[in-house]
Amino acid sequence: MNTYPINLNLTGKKVLVIGGGQVASRKTRRLVRTGAKITIVSPELTPELEAMINDYSITYYSRNFKDEDLRGVFLVFALTDNRRVNNRISQLADENNILINVADSLEESMFTLPSIIKRGDLLLTISTGGSLPALSKEIRRNLEEEFGLEYSIFLTMLKRIRPIILKEIDDKEERRRIFRSLADLRLIEQFTQNKEAALDEVKSILGDNIAKKLFLDWD
Ligand SMILES: C[C@@]1(CC(=O)O)c2cc3[nH]c(cc4nc(cc5[nH]c(cc(n2)[C@H]1CCC(=O)O)[C@@](C)(CC(=O)O)[C@@H]5CCC(=O)O)C(CC(=O)O)=C4CCC(=O)O)c(CCC(=O)O)c3CC(=O)O
Ligand SMILES: NC(=O)C1=CN([C@@H]2O[C@H](COP(=O)(O)OP(=O)(O)OC[C@H]3O[C@@H](n4cnc5c(N)ncnc54)[C@H](O)[C@@H]3O)[C@@H](O)[C@H]2O)C=CC1
């Protein structure tokens with residue numbers, strides 16, 4: 001299947017989770033960090049979901065799914081263990097143009113969830129097109145060792161540096177040279193081993209003028 005990979009901004013959007021088992025737990029864990037307005041409908045809940053409902057302002061209805069639950073919903077997860085219920089939700093979502101993920105049917109899903117590695121602003125996603133989700137998980141575990149916290153630190157710094165380079169350096173080629181030199185995996189990894197040396201290298205890539213502007217209040 002040729003899916004279209006996107007990173008959705010769910011801030012303030014109504015998201016409905018139907019079902020309260022292990023799969024709902026895993027998917028809701030990722031949702032609570034997005035700023036979405038989450039509602040869960042399920043007669044039963046895992047202890048983790050109970051805790052998330054308390055800790056984040058999640059609306060919860062302790063009952064089976066009703067068709068009206070879909071009203072005004074932007075995105076829905078059909079995560080019950082009942083094929084007929086999941087299929088009904090999928091039909092309704094289709095009719096009403098609501099984005100849907102169905103836990104037990106790739107065909108009825110408008111999108112699937114990838115395995116993710118998040119290090120601050122760095123987001124790596126892995127997907128097997130539904131062929132073997134366990135492999136996505138295994139690849140994630142392998143890559144996790146390769147991409148550590150240094151990426152988060154580095155990108156936090158770049159968030160501050162990049163706009164200044166864009167503002168201060170008019171020459172497009174020069175800017176491109178700088179950004180390409182900064183996108184250096186070896187340099188980023190140095191932030192865990194020898195932060196001083198890594199910062200020195202960043203300064204030398206930026207050149208004296210920019211470095212002075214940026215690192216004046218740097219400790
Ligand atoms: C199509 C998709 C739809 C979707 O859910 O979006 C889907 C479908 C199904 N998964 C099933 C089973 C398992 N899923 C996992 C794990 C994950 N599954 C995820 C995504 C996806 N799963 C989407 C495609 C992703 C891709 O393309 O690779 C991950 C990546 C993301 C997430 O869900 O958070 C997350 C790993 C997160 C991480 O840790 O990194 C494990 C492993 C485990 O739990 O240890 C098992 C048990 C082992 C096994 O069975 O392989 C079953 C069979 C159910 C049954 O037995 O009946 C179906 C239904 C079917 O195949 O029809
Ligand atoms: N996509 C994925 O990553 C995976 C999908 N699955 C599939 O996902 C589904 C759910 O799996 P689990 O969470 O492990 O099952 P589970 O049995 O732990 O949870 C099912 C939940 O659905 C609720 N439920 C049942 N009928 C309902 C209804 N009419 N309305 C609202 N809630 C209802 C139950 O109360 C329960 O909380 C299964 O179909 C399973 O085959 C399983 C593993 C991984």
Side-chain angles (χ1 to χ4, degrees), residues 1-8 10 13-34 36 38-54 56 58-94 96 98-120 122-149 151:
M1 200 185 291
N2 285 319
T3 52
Y4 189 73
I6 57 173
N7 298 309
L8 272 182
L10 288 178
K13 298 275 189 236
K14 270 182 87 172
V15 176
L16 177 64
V17 176
I18 306 163
Q22 289 309 325
V23 175
S25 260
R26 194 173 69 227
K27 300 198 174 193
T28 305
R29 204 184 300 143
R30 212 183 270 181
L31 271 176
V32 292
R33 289 181 254 148
T34 62
I38 307 166
T39 300
I40 300 178
V41 177
S42 174
E44 287 162 314
L45 289 177
T46 61
E48 189 192 10
L49 278 171
E50 270 179 41
M52 283 192 278
I53 285 168
N54 278 326
Y56 304 89
I58 295 179
T59 308
Y60 172 53
Y61 298 108
S62 176
R63 56 163 171 74
N64 282 338
F65 166 76
K66 291 190 226 162
D67 294 0
E68 306 88 87
D69 291 332
L70 283 174
R71 210 171 285 147
V73 166
F74 174 72
L75 190 150
V76 61
F77 289 90
L79 312 178
T80 81
D81 53 353
N82 185 324
R83 179 84 285 271
R84 276 187 41 241
V85 173
N86 288 351
N87 174 260
R88 168 85 187 143
I89 300 165
S90 138
Q91 277 179 9
L92 289 169
D94 241 353
N96 293 287
I98 301 168
L99 282 173
I100 183 163
N101 174 271
V102 186
D104 62 344
S105 172
L106 186 62
E107 295 70 29
E108 291 174 8
S109 295
M110 286 184 209
F111 67 94
T112 60
L113 297 194
S115 279
I116 62 169
I117 298 171
K118 189 140 174 58
R119 301 284 183 258
L122 178 70
L123 174 64
L124 302 179
T125 59
I126 305 136
S127 157
T128 63
S131 294
L132 187 54
L135 178 62
S136 295
K137 183 174 175 176
E138 193 52 27
I139 293 173
R140 166 183 63 83
R141 286 187 163 162
N142 269 277
L143 287 177
E144 260 171 355
E145 288 161 31
E146 230 169 282
F147 293 88
L149 271 181
Y151 283 85

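Predicted model, so just to flag it, every value in this text is computed and none were measured. Ligands are counted one by one from 1 in listed order, and the atoms in each one are counted from 1 as well.
- More than 12 heavy atoms of other residues, nucleotides or ligands sit less than 6.0 Å from atom CD1 of Ile116.
- Listed for the Ser105 side chain is no donor-acceptor partner under 3.5 Å among the backbone atoms of Val102.
- Heavy atoms of Pro43 come nearer than 4.0 angstrom to ligand 2 in at least one pair.
- The nearest protein atom to atom 5 (O) of ligand 1, hydrogens excluded, is given as Lys27 NZ, 2.3 Å; this is a heavy-atom distance.
- Taking every heavy atom of Val85 and a limit of under 4.0 angstrom, the matching atoms of ligand 2 come to 29 (N).
- Ligand 2 has an N or O atom lying under 3.5 Å from an N or O atom of Gly20, backbone or side chain.
- For Arg26, a nitrogen or oxygen atom sits less than 3.5 Å from a nitrogen or oxygen atom of ligand 2, counting backbone and side chain alike.
- By the neighbour-count criterion of 12 heavy atoms within 6.0 Å, atom CZ of Phe74 is densely surrounded, having more than that number from other residues, nucleotides or ligands.
- Residue, atom and distance of the protein heavy atom nearest to atom 45 (O) of ligand 1 are Lys137 NZ, 2.6 Å.
- A cation-pi arrangement, defined by a distance under 6.0 Å to the six-membered ring centre and an angle within 45 degrees of its axis, is absent between Lys27 and Phe77.
- Taking every heavy atom of both residues into account, Leu70 and Ala93 meet most closely at CD1-N, 4.2 Å.
- For atom 48 (C) of ligand 1, the closest non-hydrogen atom of the protein is Ala134 CB, 4.3 Å.
- Distances from atom 6 (O) of ligand 1 to the heavy atoms of Leu113, Ile117, Leu135 show the closest one on Leu113.
- The backbone N or O of Ile117 lies less than 3.5 Å from no partner atom in the side chain of Arg140, so there is not a single donor-acceptor pair.
- Those atoms of ligand 2 that come under 4.0 Å of a heavy atom in Gln22, given as number and element, are 13 (O), 18 (O).
- For atom 36 (C) of ligand 1, the closest non-hydrogen atom on the protein side is Ser115 OG, 3.6 Å.
- In Arg71, the CZ atom is not crowded: 12 or fewer heavy atoms of neighbouring residues, nucleotides or ligands sit closer than 6.0 Å.
- Annotation: Arg63 places no N or O atom under 3.5 Å from an N or O atom of ligand 2; distance criterion only.
- The option with the heavy atom closest to atom 27 (O) of ligand 1, from among Gly130, Ser109, Ser136, Ser131, is Gly130.
- A 4.5 Å side-chain heavy-atom check between Val17 and Ile58 finds every atom pair outside the cut-off.
- Remark: atom 28 (C) of ligand 2 lies closer than 4.0 Å to at least one protein heavy atom.
- A donor-acceptor contact under 3.5 angstrom links the side chains of Glu108 and Asn87, judged on distance only.
- The residue from Val23, Val102, Asp81, Val41 that puts a heavy atom closest to atom 20 (C) of ligand 2 is Asp81.
- Atom 30 (N) of ligand 2 has as its closest protein heavy atom Phe65 N, 3.0 Å.
- The environment of CZ in Arg83 is crowded: more than 12 heavy-atom neighbours from other residues, nucleotides or ligands sit within 6.0 Å.
- Closest heavy-atom approach to atom 38 (C) of ligand 2 within the set Leu79, Thr80, Leu45, Ile18: this belongs to Thr80.
- Proximity annotation for atom 59 (C) of ligand 1: of Ala103, Ser25, Pro114, Ala103 comes nearest, heavy atoms only.
- Compare Ala134, Ala103, Pro133, Gly19 by their heavy atoms: the one nearest to atom 5 (C) of ligand 2 is in Ala103.
- In summary, the atoms of ligand 2 found under 4.0 Å from a heavy atom of Lys27, numbered by their order in the structure, are 1 (N).
- At under 3.5 Å, not a single nitrogen or oxygen of Ser105, backbone or side chain, sits near a nitrogen or oxygen of ligand 1.
- Using a 4.5 Å cut-off on side-chain heavy atoms (C-beta onward), Leu31 and Leu10 make contact.
- Regarding atom 19 (O) of ligand 2, its nearest protein heavy-atom neighbour is Gly21 CA, 3.3 Å.
- Using a 4.0 angstrom heavy-atom cutoff, Arg30 counts as in contact with ligand 1.
- The proximity of Lys137 to ligand 2, defined as any non-hydrogen pair under 4.0 Å, does not occur for either the backbone or the side chain.
- Atom 44 (O) of ligand 1 has its nearest heavy-atom neighbour, among Arg26, Gln22, Glu108, in Arg26.
- Judged by distance alone, the side chain of Asn96 and the main-chain N or O of Leu92 form a donor-acceptor pair under 3.5 Å.
- Among all non-hydrogen protein atoms, the one lying nearest atom 23 (C) of ligand 2 is Ser42 OG, 3.6 Å.
- No heavy atom of Arg83 sits closer than 4.0 Å to any atom of ligand 2.
- When the heavy-atom distances from atom 34 (C) of ligand 2 to Arg88, Glu44, Lys66 are ranked, the shortest goes to Glu44.
- Listed by atom number, the atoms of ligand 2 under 4.0 Å from Asp104 heavy atoms are 39 (O).
- A side-chain donor from one of Ser25 and Thr46 sits under 3.5 Å from a side-chain acceptor of the other.
- No N or O atom of Asn82 sits closer than 3.5 Å to an N or O atom of ligand 2.
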